[in-house]
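Down below is the structure, laid out as structure tokens.
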Amino acid sequence: MYIYDSVQKTKLKFEPIQTGKVTLYVCGPTVYDDAHLGHARSALSFDLLARVLKASNYEVIFIRNFTDVDDKIIAKMQQTGKSLHEITDFYTDRYLEDMDAIGVLRPTISPKATESIDAMEDMISTLISKDYAYQISNGDVYFDTSKDELYGSLSKKVSDDTVSRIEHIFEKKNSKDFALWKACDENENVCFDTKFGRGRPGWHIECSAMIAKHTNGTDEYSIDIHGGGADLLFPHHENEASQSRCATGHALAKYWMHNGFVQVDGEKMSKSLGNSFFLKDALKAYDGEILRFYLTSIHYRNDFNFNEIDLLQSKKRLDKLYRLKKRIVGSGIGAANFEFKTALLSAMQDDLNISVALSIIDDMIAKSNEALDSTPSDKNLKKEIMGNLEFIGILLGFGAKDPFLYFQLGVDEGLKQKIETLIKQRSEAKKQKDFALADQIRDQLNDMDINIMDTANGTVWEKLS
RNA sequence: GGUGCCAUCGCCAAGCGGUAAGGCCGCAGCCUGCAAAGCUGCUAUCCCCGGUUCAAAUCCGGGUGGCACCUCCA
């Protein structure tokens, strides 16, 4: 396994800190709104990573948190009059619903910030007692970045200009210092009691605390891999790494991975630009598997320019896999072809090289079709192909559907009846050698976005796009 | 202002010093009543200019053009 480390900016051979075991922590969502395409991409990137690690025979401890205390949630409480948990429970469920729809496997552990206050309290207390943190007059606790000589080593953003845009707090010792704990305002009802007073956590502490709580680590590192979106490198991960290093005395993660951004029509997708794209909206138009295939078809580190034209182009590639599957359904599953399996896995083990992986799959599809053309009733061949498809499903998370249902996605019962009636009429016309009528019916179906194909087993149809 | 990333066929996209994968689209052929599907074949010298090297899309320098982070954001 090779991984591109975004701190060293180079591809490295992956060597776990404990043989046979991988601890992976990924920054999850703040649950105050529905998941957008960017959340999907991040979740999918690390879902692929977890799948590949598992297929490589590692025991994988995959942690992805839910940030359920935060200023944005508090703002939403004020807007809606709802309680913290009313909001966070609602959006947590909706997040999981969406991720399930695009085939993201559930992490091993999904800690919530509100359930990890004890761990945060421990870490902040440690930092205060080691003199890495200080409390100001209003009760806020700040991390003293000047005490960590390695501060800035993660993101390499150390110039003073960097912090010129960070909010200036008068009592902060250094402009780069960040809040570990925010003291409770009188009118805020989201507060937790700790040794250093009532308040709520700062943005960065939860990840460090959760990692400390849920992993054992070694003398050198807490976890193997830490992941998240590219925007989190600074300041979030820089701060996380720094506070963990100071609290524990060793590095937070051995490898850092960051997924690229999703753009919509060439522009960054963001709240402020007003071009956010919720996954739920995309799921109304396209099946989760089609979105998964599209969103994972481009390497996780590249920027992703989401648009419908490319999505439909990518769907055609998935269609080919399902057409192959249509040819072999019901034949039972055999062992996957060893060479295929090995090639596919090693492509993915090369920093998740999905492009090469997909080309290996395309090659397998072409070879399988060719073999089925020459020996259509070879049962062992069909079983092996089914085995190949099953492996793809496990490793990459697509291709597991019933192939006939796949091509009927978005077709309701009424339309289905109509299609089948038309096909019957056409078959009758063909029998009578009335090809003009047969072709006319086919055109009619094509106008309905239905593609038909005459096979040895009769006429089958597909819904296009 | 500071710090990075990227630029490969009409479109999407691999490539990580050894002589350009794959997909979509297009063209030709086989198959088909005709199609569709499937199969076969065909289609780029890698933004520009220098340099290093026996050898560069790949390394270095300089341009040009995109994008991102430094502020809540995956």
Side-chain angles (χ1 to χ4, degrees), chain A residues 2 4 6 9-11 26-30 32-33 35-46 70-72 75 152 155-167 203 227-236 238 258-263 266-273 276 294 297-299 301-303 305 307 309-320 323-324 326-327 347 350-351 353-363 365-374 430 433-436 438-439 442-443 445-446 451-455 459-462 464:
Chain A
Y2 288 83
Y4 182 89
S6 43
K9 297 189 192 308
T10 183
K11 204 188 279 185
V26 176
C27 292
T30 302
Y32 71 107
D33 208 343
H36 57 232
L37 294 175
H39 291 108
R41 170 116 125 124
S42 178
L44 287 168
S45 300
F46 294 102
D70 166 275
D71 287 357
K72 295 185 290 294
S155 62
K156 323 281 195 292
K157 289 182 197 297
V158 289
S159 80
D160 286 339
D161 288 337
T162 292
V163 293
S164 63
R165 291 163 74 175
I166 294 175
E167 188 189 4
W203 177 29
D231 56 324
L232 296 179
L233 184 57
F234 187 88
H236 185 54
E238 184 75 59
H258 291 92
N259 64 273
F261 260 58
V262 176
Q263 301 179 350
E267 263 202 327
K268 179 189 171 174
M269 185 182 72
S270 74
K271 292 265 154 63
S272 52
L273 289 171
S276 267
Y294 176 46
S297 69
I298 288 166
H299 189 84
R301 272 190 281 124
N302 290 165
D303 279 339
N305 186 10
N307 65 79
I309 293 169
D310 289 353
L311 187 155
L312 292 173
Q313 196 171 287
S314 115
K315 179 183 175 292
K316 290 190 175 180
R317 213 169 180 177
L318 222 208
D319 289 350
K320 294 206 303 186
R323 287 206 186 96
L324 170 63
K326 277 204 294 198
R327 301 183 70 175
D350 183 12
D351 193 39
N353 193 331
I354 190 73
S355 283
V356 169
L358 292 178
S359 74
I360 289 165
I361 290 172
D362 285 328
D363 185 56
I365 292 172
K367 288 206 166 76
S368 299
N369 276 318
E370 197 185 353
L372 288 169
D373 284 346
S374 52
K430 275 177 64 181
K433 304 274 183 202
D434 185 353
F435 295 122
D439 291 352
R442 182 169 58 204
D443 290 343
L445 285 160
N446 286 157
N451 191 33
I452 59 170
M453 37 198 80
D454 298 326
T455 74
T459 302
V460 296
W461 59 274
E462 296 179 355
L464 296 174

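Values below: all heavy atoms of this structure, side chains included; hydrogens, waters and symmetry mates excluded. So that the names make sense, note that chain A is the first sequence line, chain B the second, and so on, each numbered from 1.
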For the side chain of [X], counting heavy atoms from C-beta on, which of [options] is nearest?
X: Asp310(A); options: C11(B), C34(B), G22(B); value: C11(B)
X: Asp231(A); options: C12(B), G33(B), C69(B); value: C69(B)
X: Trp203(A); options: G23(B), C72(B), C69(B); value: C72(B)
X: His299(A); options: A14(B), C5(B), C67(B); value: A14(B)
X: Ala438(A); options: G33(B), A21(B), A68(B); value: G33(B)
X: Glu370(A); options: C39(B), A13(B), C73(B); value: C39(B)
X: Gln263(A); options: A68(B), U40(B), G38(B); value: A68(B)
X: Lys9(A); options: G4(B), C67(B), C34(B); value: G4(B)
X: Arg317(A); options: A14(B), C34(B), G23(B); value: G23(B)

[atom1] of [X] versus [atom2] of [N]: gap in Å, rounded?
X: Lys320(A); N: A36(B); atom1: NZ; atom2: P; answer: 16 Å
X: Glu238(A); N: C69(B); atom1: CD; atom2: P; answer: 17 Å
X: Asp363(A); N: A14(B); atom1: CG; atom2: C1'; answer: 15 Å
X: Phe234(A); N: A74(B); atom1: CZ; atom2: C1'; answer: 18 Å
X: Leu372(A); N: A37(B); atom1: CG; atom2: C1'; answer: 13 Å
X: Asn305(A); N: A68(B); atom1: CG; atom2: P; answer: 11 Å
X: Asn369(A); N: C39(B); atom1: CG; atom2: C1'; answer: 8 Å
X: Met453(A); N: C31(B); atom1: CE; atom2: C1'; answer: 15 Å

Whether the side chain of [X] and the base of [N] hold a donor-acceptor pair under 3.5 Å is what I'd like checked.
X: Asp351(A); N: C16(B); result: no
X: Gln313(A); N: C11(B); result: yes
X: Arg301(A); N: C5(B); result: no
X: Arg323(A); N: A37(B); result: no

Below 4.0 angstrom from OP1 or OP2 of [N], is there any side-chain N or O of [X]?
X: Asn259(A); N: A74(B); result: no
X: Lys316(A); N: C25(B); result: yes
X: Trp461(A); N: A36(B); result: no

Handout entry: Pair Asp454(A), Thr459(A): side-chain N/O donor-acceptor within cut-off below 3.5 Å
Key = yes
Handout entry: Between Asn369(A) and Arg323(A): side-chain donor-acceptor atoms closer than 3.5 Å
Key = no
Exercise for the section: Go through the steps for Leu464(A) and Lys315(A) under the test side chain to side chain contact (heavy atoms under 4.5 Å, CB included), then give the verdict. Expected result: CA-CA 10 Å; Leu464(A) 296 174; Lys315(A) 179 183 175 292; 5.9 Å; no
Determine the Euclidean distance between corresponding [atom1] atoms of [M] and [N]; express it in Å to zero decimal places.
N: A20(B); M: C47(B); atom1: P; answer: 16 Å
N: G61(B); M: G66(B); atom1: P; answer: 23 Å
N: A68(B); M: C9(B); atom1: C1'; answer: 27 Å
N: C6(B); M: A13(B); atom1: C1'; answer: 14 Å
N: U45(B); M: A7(B); atom1: C1'; answer: 15 Å
N: G26(B); M: C54(B); atom1: C1'; answer: 40 Å

Handout entry: Whichever of Asn353(A) and Lys72(A) has its nearest RNA chain B nucleotide further upstream toward 5'
Key = Asn353(A)
Problem - Contact nearer the 5' end of RNA chain B, comparing Gly260(A) with Asp439(A) - result: Asp439(A)
Practice task
Determine, for Lys326(A) against Glu462(A), whether the closest basic-nitrogen to carboxylate-oxygen distance falls under 4.0 angstrom.
Solution key: yes
Practice task
Would you sort out whether His36(A) and Val262(A) count as a side chain to side chain contact (heavy atoms under 4.5 Å, CB included), showing the intermediate values?
Solution key: CA-CA 10 Å; His36(A) 57 232; Val262(A) 176; over 6 Å; no
Handout entry: Passing option when Arg317(A) is tested against Ile361(A), Asp362(A), Ile365(A) for side-chain contact (heavy atoms from CB on, under 4.5 Å)
Key = Asp362(A)
